[in-house]
Amino acid sequence: MSVKDELTAVQRCLDDLDRAIGRLEQRLGKGVLDVRRIRTDAGHLRESVALLRDGGPPAERPHAGRPGLQQMVPVPDAPYDASLWLDADDEGLGCRDRRAP
């Protein structure tokens, strides 16, 4: 089965899921938090499938839609200049000159 066929099958399942969620909304109400959460999650799944369908298989688009990720950026092994962090706080500990609470 090709990727396109798999995506079509997933799309059909999402359509079935949308219908089932609609029935739940009719019985339980649209204001129920769990039903709204399921509806939102189904929408996210639908968006993800659309992205896959539009871009082709991930092997064919390693960094599609994300400019600049195709180039390697060298990171030097040399330590950074300590003066960059002179006025920075240690996360969770407060300022360097004071003791942690």
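Under the rule for a side chain to side chain contact (heavy atoms under 4.5 Å, CB included), the partners of T40 that lie at least two apart in sequence or sit in another chain are H44. Listed by chain and residue number, R37 satisfy the salt bridge (charged side-chain N to carboxylate O under 4.0 Å, His left out) test with D34 (two or more places apart in sequence, or in another chain). Residues satisfying the side-chain hydrogen bond (donor to acceptor under 3.5 Å, both in side chains) criterion with S2, sequence neighbours excluded, are D5. In terms of the side chain to side chain contact (heavy atoms under 4.5 Å, CB included) criterion, residue partners of L7 (sequence neighbours excluded) are, by chain and number, V3, V49, L52, R53. Taking D77 as the reference, nothing meets the side chain to side chain contact (heavy atoms under 4.5 Å, CB included) condition, with sequence neighbours excluded. Scored by the side-chain hydrogen bond (donor to acceptor under 3.5 Å, both in side chains) test, R46 finds D15, D18 as partners (sequence neighbours excluded). Partners of E6 by side-chain hydrogen bond (donor to acceptor under 3.5 Å, both in side chains), not counting sequence neighbours: none found. Applying the side-chain hydrogen bond (donor to acceptor under 3.5 Å, both in side chains) criterion to R19, with sequence neighbours excluded, gives D16.
We find the CZ-NZ distance between R36 and K30 to be 12.0 Å, quoted to the nearest 0.5 Å.
Clustering of Ile, Leu, Val, Met, Phe, Trp and Tyr by side-chain heavy atoms under 4.5 Å joins L24 with L28, V32, V35.
What you find for L14 and A42 is that their closest heavy atoms are CD2-O, 4.5 Å. Contact detail for P76 and P74: the closest heavy-atom pair is CD-O, 3.9 Å.
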